[in-house]
Amino acid sequence: MIELRNVTKQFDKFTAVDNVSLDVKPGELFGFLGPNGAGKTTTIKMIAGLFSPTHGTIRINGFDTMLQPIEAKSTLAYVPDQPFLYDKLTGREFLYFAGGLYKIEKEILHTRIKELIEHFEIGQWIDKRAEDYSQGMRQRISIAAALLHHPRTIVIDEPMIGLDPRSAKIVRETIKRQSQQGVSVFMSTHSLPVAEELCDRIGIIHNGQLVFADTQEKLQVYKQQFDGKLESVFLELTK
């Protein structure tokens with residue numbers, strides 16, 4: 001579960017995120033939309049513990065990210081918009097490295113890696129160095145590493161960037177399945193169709209402020225005021 005209460009982030013005199021409050025409950029897939037520079041990535045980095053809020057509190061599964069950062073991060077998976085791998089490690093070596101960071105027992109880790117290799121269809125590439133990977137393969141390995149410790153919350157930033165259709169399908173199905181299994185998922189995306197297809201609730205941020213956060217059903221009401229398209233609602237709320 002993710003809880004933001006009156007969260008503000010300032011960089012000198014610039015306010016990147018302005019008094020944002022929201023919840024993402026277990027089993028919920030929350031889509032986070034907004035134009036470039038609206039505060040999406042700053043919000044995500046605060047949730048992941050990479051930035052500290054200037055004001056307000058953030059709790060991950062009951063743990064305050066400022067007061068209990070290790071406990072919060074132990075229940076969290078964070079997948080950035082640009083997947084980071086060590087180029088000289090193979091995919092398998094990277095997964096074992098990530099598992100070691102989470103202190104997963106060796107036998108459990110071995111089984112878990114085997115399951116994820118099969119799920120993400122990366123068997124042909126798993127023993128090649130990351131420097132030889134495509135964007136889609138890097139994304140698959142990155143998400144697999146994030147899921148090793150069975151996180152209770154997933155924060156994922158622009159998961160579909162640069163993916164081929166097969167990789168995109170696997171990533172979409174994985175994200176949806178995680179939420180169906182009770183994981184709270186916070187997903188930032190520029191793809192309105194992806195948000196409509198996958199998300200239970202959608203939030204829109206503009207100039208650092210949350211201007212909309214509600215269910216798909218409530219969104220339908222807004223869409224009917226225009227031409228029935230999420231794009232029109234998005235453009236109206238962020239103009």
Side-chain angles (χ1 to χ4, degrees), residues 1-84 98 101-102 139 142-143 145-149 151-161 175 178-179 183-191 194-195 198-214 234 237-238:
M1 182 172 181
I2 301 172
E3 301 169 87
L4 276 68
R5 294 290 178 268
N6 307 114
V7 171
T8 295
K9 180 61 179 178
Q10 295 174 318
F11 297 96
D12 294 326
K13 295 182 180 180
F14 173 67
T15 301
V17 176
D18 188 4
N19 199 38
V20 168
S21 294
L22 63 88
D23 293 336
V24 182
K25 301 185 184 303
E28 182 177 39
L29 206 167
F30 185 86
F32 197 48
L33 311 178
N36 291 333
K40 297 190 307 299
T41 297
T42 299
T43 301
I44 277 186
K45 287 186 175 181
M46 286 192 289
I47 294 172
L50 299 177
F51 288 165
S52 300
T54 307
H55 304 291
T57 59
I58 301 173
R59 290 183 176 273
I60 305 296
N61 299 306
F63 299 110
D64 188 306
T65 57
M66 292 292 291
L67 303 178
Q68 301 161 292
I70 301 301
E71 292 86 347
K73 290 174 184 177
S74 70
T75 69
L76 177 77
Y78 169 54
V79 183
D81 56 345
Q82 291 298 322
F84 174 81
L101 295 178
Y102 286 110
Q139 189 75 318
S142 181
I143 296 174
L147 299 180
L148 281 170
H149 64 302
R152 293 163 55 193
T153 295
I154 297 172
V155 177
I156 187 164
D157 193 1
E158 297 292 354
M160 305 301 171
I161 290 180
I175 293 171
Q178 287 292 314
S179 70
V183 175
S184 51
V185 180
F186 187 101
M187 180 182 71
S188 171
T189 179
H190 279 300
S191 174
V194 168
L198 296 180
C199 298
D200 303 306
R201 276 199 307 144
I202 288 176
I204 299 175
I205 190 170
H206 181 49
N207 291 333
Q209 296 183 331
L210 197 63
V211 295
F212 179 89
D214 219 321
F234 178 86
L237 291 173
T238 60

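Just so we're clear, the structure is a prediction, and the values are computed from it rather than from any experiment. If you read the sequence from its start, that first residue is 1, and numbering goes on from there.
- No hydrogens or angles considered: nothing links the side chains of His55 and Asn19 as a donor-acceptor pair under 3.5 Å.
- Interatomic distance, CZ of Phe234 versus NE2 of His206, reported as 9.0 Å (0.5 Å rounding).
- Every side chain to side chain contact (heavy atoms under 4.5 Å, CB included) that Pro26 has, sequence neighbours left out, goes to Met1.
- In terms of heavy atoms, Phe11 sits closest to Ala16 at CE1-CB, 3.7 Å.
- Side-chain contact check for Lys40 versus Ile204: every heavy-atom pair is 4.5 Å or farther apart.
- Judged by distance alone, with hydrogens and angles left aside, the side-chain atoms of Asp64 form a donor-acceptor pair with the main-chain N or O of Met66 at under 3.5 Å.
- One finds the CD1 atom of Ile2 at 8.0 Å from the CG atom of Leu22 (value rounded to the nearest 0.5 Å).
- Of all heavy-atom pairs between Leu148 and Ala98, the closest is CD1-CB, 3.9 Å.
- Proximity of Met187 to Val194: side-chain heavy atoms (C-beta onward) are separated by under 4.5 Å at one or more points.
- Here the CG-CG distance, from Leu237 to Leu210, works out to 10.5 Å after rounding to the nearest 0.5 Å.
- Heavy atoms only, all atoms of each residue included: Ala195 and Leu33 are closest at CB-CD2, 3.9 Å.
- The shortest non-hydrogen separation linking Pro53 to Val7 is CB-CG1, 4.0 Å.
- Ring pair Phe30/Phe186 is parallel by interplanar angle, where below 30° counts as parallel and above 60° as perpendicular.
- In the displayed structure, Lys9 atom NZ is contacted under 6.0 Å by more than 12 heavy atoms of other residues, nucleotides or ligands.
- Rounding to the nearest 0.5 Å gives a distance of 11.0 Å between CG of Leu50 and OG1 of Thr41.
- Between Ser142 atom OG and Ile156 atom CD1 the span is 7.5 Å, to the nearest 0.5 Å.
- Residues satisfying the side-chain hydrogen bond (donor to acceptor under 3.5 Å, both in side chains) test with Glu28, not counting sequence neighbours, are Arg201.
- Using a 4.5 Å heavy-atom cutoff, the side chains of Ser184 and Arg152 are not in contact.
- Atom-to-atom distance recorded for Ile60:CD1 and Gln68:CD is 11.5 Å, nearest 0.5 angstrom.
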Residues 72-83 side chain polar contacts: donor-acceptor under 3.5 Å, at least two apart:
unit_1	atom_1	unit_2	atom_2	d
Ser74	OG	Glu71	O	2.7
Thr75	OG1	Asn61	ND2	2.8
Thr75	OG1	Ala72	O	3.0

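- Counting only distance, with no hydrogens or angles, the side chain of Gln139 and the backbone of Met160 share no donor-acceptor pair below 3.5 Å.
- Exactly one of Leu29, Thr153, Ile154, Ile143 qualifies for a side-chain contact (heavy atoms from CB on, under 4.5 Å) with Gln178. That residue is Ile154.
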